[in-house]
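Worksheet: the structure to be examined is printed underneath.
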Amino acid sequence: MKPVQKNDRLSVYVEDLTHDGAGVAKVDGYPLFIQGALPGEDVKVHVLKTLKSYGFAKLIEIEKESPFRVKAPCPVFDTCGGCQIQHLSYEGQLAFKGNMVRNAITRIGKLPDVPVHPVKGMDNPWRYRNKSQIPFGTDNGRVVAGFYESRSHNIADTDICLIQTMEADAIMSGLKQSLHEMGIEPYEEETHRGQLRHVVVRKGRATGEIMVTLVTKKKKFPQSERAVELIRSFVPEVTSIIQNVNPEKTNVIFGDETLTLWGKDVIEDRIGDVRFEISARSFYQINPEQTEVLYGQALEYAQLTGDETVIDAYCGIGTISLFLAQKAKFVMGVEIVPQAIEDAKRNAELNGFSNTLFEAGPAEQVIPRWYKEGKTADVLVVDPPRKGCDEQLLQTILKQRPGRVVYVSCNPATLARDLRILEDGGYRTKEVQPVDMFPQTTHCEAVAWLELAD
Ligand code: SAH
């Protein structure tokens, strides 16, 4: 028998927060997930749904409020899926993220003695995103634009987004107001009708350069000149305006064809002293200010003297590799997406680095081959996707035994799982530094430093 039934009303104490930002209360050990409730609060809830081992309830009233509760400043916080924890003060967010990393390291990694430092957060945790991908659509004949609601393709219509740039706000609301006047129809996902699908705005934080990409269904775009003129009037600092054509019935944003409508083909940015060229479709870190903190930490843990060879597995466009190349003898980067490797090579050249090598392919195959060819490393850096390191890559590390491993992670659970495997194979985790790359959301990055035990 479940301790609660659908439509029950009860008062509960909220003890935790999930990765989606929902409060968790336990009734005789049975977890109830409550959207909008915060840890430390007594709340009255209405049970919506009960499954075998957990249920969902709606928040009706807060009987005792968390001292960390704040009023979410965003007008569409309740519907938009972009942020999950604006109702938690930034201090509370950092404490939550620190606990999340610490719990994973203790419970999953079984490493209760490893120091996990307080999260490095931002001085101003707003307006940090350098890229906005804004879907356009219609609602009862009215043009809407904003971000998707959580787990849906409905657009939460808004004129401001407090985690994107002011320029993205100006372009989003300006285009929304003038679309009808220009004779451009927003795209409709269900019917595949209309022309304008997404507007993507990117800004180089260090350079101020701004790129606006209009993703259209058809290449034929008779209103493009007028659109260019208007966008430049909304934000005179724009340096390039691009059209990308995506004729497919898909929720993938970009299509294969890209044309420059006005200005430069790329924008430039810098992380630390390293320059990057960014085109409409290239991958680039979303929060460069904190990327500098995260990769600065990776560099510190790598403790390079100038004599070391470093392997950067999962290197993307080589952000970490180029950061390390400033201090290492040689850096070898491997990444599965060939386009990203092209970007990495171009960026190495742009910065005048001659001590790097990049190869496209699965890290778990390329790195064992490098070792066979005598290309070995003193320090191995990994920055895998959310699912963590490939098992075969971990086995390669344990076989080749580089003296130092620096693990950059965007998912504390898989970080902890992989640290356990490396510990069992003879490595010792010295410390872990969490870094907040995505304020107002539940995501948290962390860097771990491991040494081979002798
Ligand atoms: N360090 C990079 C980003 C890492 S994100 C940067 O700063 O830009 C993780 C990367 O791992 C992604 O670019 C993804 O394409 C890549 N990837 C995923 N599976 C991989 C695999 N098996 N081998 C190599 N790279 C992989």
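Whatever order the structure lists ligands and atoms in, that order sets their numbers, starting from 1. Here the structure is a predicted model, which means the values were calculated and not measured.
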Using a cut-off of under 3.5 Å, which N/O atoms of ligand 1 pair up with protein N/O atoms, and what distance separates each pair?
residue: ligand 1; atom: 1 (N); partner: Y314; partner atom: O; Å: 3.4
residue: ligand 1; atom: 1 (N); partner: D383; partner atom: OD2; Å: 2.8
residue: ligand 1; atom: 7 (O); partner: Q285; partner atom: NE2; Å: 3.2
residue: ligand 1; atom: 7 (O); partner: Y295; partner atom: OH; Å: 2.6
residue: ligand 1; atom: 7 (O); partner: T319; partner atom: OG1; Å: 3.1
residue: ligand 1; atom: 8 (O); partner: T319; partner atom: OG1; Å: 3.0
residue: ligand 1; atom: 13 (O); partner: E335; partner atom: OE1; Å: 2.7
residue: ligand 1; atom: 13 (O); partner: E335; partner atom: OE2; Å: 3.3
residue: ligand 1; atom: 15 (O); partner: E335; partner atom: OE2; Å: 2.7
residue: ligand 1; atom: 22 (N); partner: E364; partner atom: OE1; Å: 3.1
residue: ligand 1; atom: 23 (N); partner: A363; partner atom: N; Å: 2.8
residue: ligand 1; atom: 25 (N); partner: I336; partner atom: N; Å: 3.1

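Residue E188 places its CD atom among more than 12 non-hydrogen atoms of other residues, nucleotides or ligands, all under 6.0 Å distant.
Using cut-offs of 30° and 60° for the angle between ring planes, the F77 and H87 rings count as tilted.
Between D436 and K97 there is a salt bridge, with a side-chain nitrogen of the basic residue lying less than 4.0 Å from a carboxylate oxygen of the acidic one.
In this structure F56 satisfies the ring-ring contact (aromatic ring centres under 6.0 Å, His included) test together with F33, Y54, sequence neighbours excluded. Shown here are the side chain to side chain donor-acceptor pair (under 3.5 Å) partners of S152, two or more places apart in sequence or in another chain: there are none.
The salt bridge (charged side-chain N to carboxylate O under 4.0 Å, His left out) analysis of residues 192-206, with sequence neighbours excluded, yields the pairs E167-K203, R205-E289.
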